[in-house]
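Here is the structure we will look at.
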2 protein chains.
Amino acid sequence: MSDLAPYQRIKDTLLERVHSGLWRPGDSIPGEQQLALDFNCARSTVHRALRELAEEGVLERKRKTGTRVAYPTGRSLALDISLVEDEIKATGASYQYQLLERTLAPLPPTVAAHLNRAPGEEALHLLCLHYADRHPYQFEDRWIDPLTVPEALEEGFDQIGPNPWLLKNVPWTEAEHVISADIATGSVAATLGLKEGEPVLIVERRTWNAKGTVTTVRFHHPGRTHRLRSAFAPR
Amino acid sequence: MSDLAPYQRIKDTLLERVHSGLWRPGDSIPGEQQLALDFNCARSTVHRALRELAEEGVLERKRKTGTRVAYPTGRSLALDISLVEDEIKATGASYQYQLLERTLAPLPPTVAAHLNRAPGEEALHLLCLHYADRHPYQFEDRWIDPLTVPEALEEGFDQIGPNPWLLKNVPWTEAEHVISADIATGSVAATLGLKEGEPVLIVERRTWNAKGTVTTVRFHHPGRTHRLRSAFAPR
DNA sequence: TCTCCAATTATGTCTGGACAAATAGCCTTA
DNA sequence: TAAGGCTATTTGTCCAGACATAATTGGAGA
């Protein structure tokens, strides 16, 4: 308990004061100088504790005015985006990957917009299915931009999924996710083994790196059984 | 450009080297001592830059071994959990709130489990509807534990929604979210103005504070038009 | 009374030096 | 050869002091 780094001990102590309600949102708390005396350490040590708590959204700091307890608003939700394989194996199920289709195809208008290209230009189109214990778990409909990722044209994707391959070969630096719900129809229903009209949870992802848009992908999951979970909290 | 704090300038420079591919995942980068010479500053300044980049998941540091560029795996997705009102107003639409029902009711078994109580015990049950430009935007089905939040029994919730009220009065410290898809049936369909069989996007949230479970809530959104967005990235 | 400037004060950052802790690699010894 | 211990290196943290920067507040002047 007391063998923690001092700055960490201070953070814990202050956080406890906030959580216990001793310091309530909006309250001013003592200045760095005073806290340094209280904790018998240098101001810079207190400063680090306060700075980090402010970054975590617990405190609000302003020059001259001092430090106050932040109002707990504007949280965010953090979902882990792990590889499907890890996600499935974590549940104890067996994982299987199947490539359904791999073509160089002209871009449909909506996808073209996502990749920032003109409709009709060609890109690598992949359809894949991921199984958990032999049951369809995720249907992946992906386009990869061959101008940003020419190496992808050399890869068959019959042994390795696009996601692990991209993670390994083309690290991205930015991404956008959109989550929505729809009902299963046509080929998506058939592929996922669902009846028409059953709910489907869709996660759409676009990723970029310095060179440009890397890939855009739609993951379809059986909606009633699939769940995106997130144990979590502040900021 | 150059009027940034030195530690920030160093962070930017190093991040650029990673993003540009000059330093690739797995590469070792120079030690703090060397970088301090390169940037003509104290080691502690370099240290802060490296420490923060490591916290952000860009670098991996180990004593004796040194610092290397992290493999870009295990990202996470951060969704903003803002108040519905802000969310709607941000799109330029007008916001309206309506309380449909407010009862003290016995807990159904599934909800009881969520609140960590016995089925049949009583809790505050709220049904609310949030409109964007007069169209149903979100149907909220919420239970509040009166043992954890006795003040809620005094509140009518006819003027203020449960979410802003709770944020103001009962700050929580932990939350869990589950996102899923379903199809609209019965009262949910009717309330949201959807036909039976249309897709619904469901976000379920449970929140705790030091005293215990605060509330559990299911938000239902029209699935085809609603979207959870997240511009974002690493860790 | 109103406006604007300057003093005050709290936070933000840097320095340069010190010691602590982890650990890879080597060296000794059984 | 294997086990155990030593050492050099690298990161982790702290400190005390200094200066920079933002922002409130009170006072001087119009």
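Residue numbers start from 1 in every chain, and the chains themselves are labelled A, B, ... in the order their sequence lines are given, proteins ahead of strands.
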Closest to the 5' end of DNA chain D, once B:E32 and A:Y7 are matched to their nearest nucleotides, is B:E32
**Message:** With a 4.5 Å cut-off on side-chain heavy atoms, are B:E87 and B:Y137 touching?
**Reply:** yes
Pick out the pairs of N or O atoms, protein on one side and nucleotides 21-23 of chain C on the other, that lie under 3.5 Å.
unit_1: C:dA21; atom_1: N3; unit_2: B:R63; atom_2: NE; d: 3.3

Here the gap from A:F219 atom CZ to A:D141 atom CG, rounded to the nearest 0.5 Å, amounts to 10.0 Å
Output yes when A:R102 and A:E155 qualify as a salt bridge under the 4.0 Å nitrogen-oxygen rule, no when they do not. no
When rounded to the nearest 0.5 Å, the distance separating OG1 of B:T148 from NZ of B:K211 is 7.0 Å
Query raised in the report: Does any N or O in the side chain of A:R43 come within less than 3.5 Å of the main-chain N or O of A:Q33, such that one atom is a donor and the other an acceptor?
Result: no
A:Q33 CD to D:dA16 C1', in whole Å, measures 12 Å
Rounded to whole Å, NZ of B:K11 lies from C1' of C:dT13 at a distance of 14 Å
B:L59 CG to D:dT11 P, in whole Å, measures 11 Å
Numerically ordered, the residues 38-54 of chain B set in heavy-atom contact under 4.0 Å with DNA chain C is B:C41, B:A42, B:R43, B:S44, B:T45, B:R48
Can a salt bridge be assigned to the pair A:E176 and A:R206 using a cut-off of 4.0 Å between side-chain N and carboxylate O?
yes
Problem - Heavy-atom check, side chain of B:Y97 versus side chain of B:L99, under 4.5 Å - result: yes
In whole angstroms, the gap separating C1' of D:dA23 from CZ of A:R68 amounts to 13 Å
| Taking 4.0 angstrom as the limit, do A:E32 and A:R51 come out as a salt bridge? | no
In whole angstroms, the gap separating C1' of C:dT11 from CD1 of A:I29 amounts to 12 Å
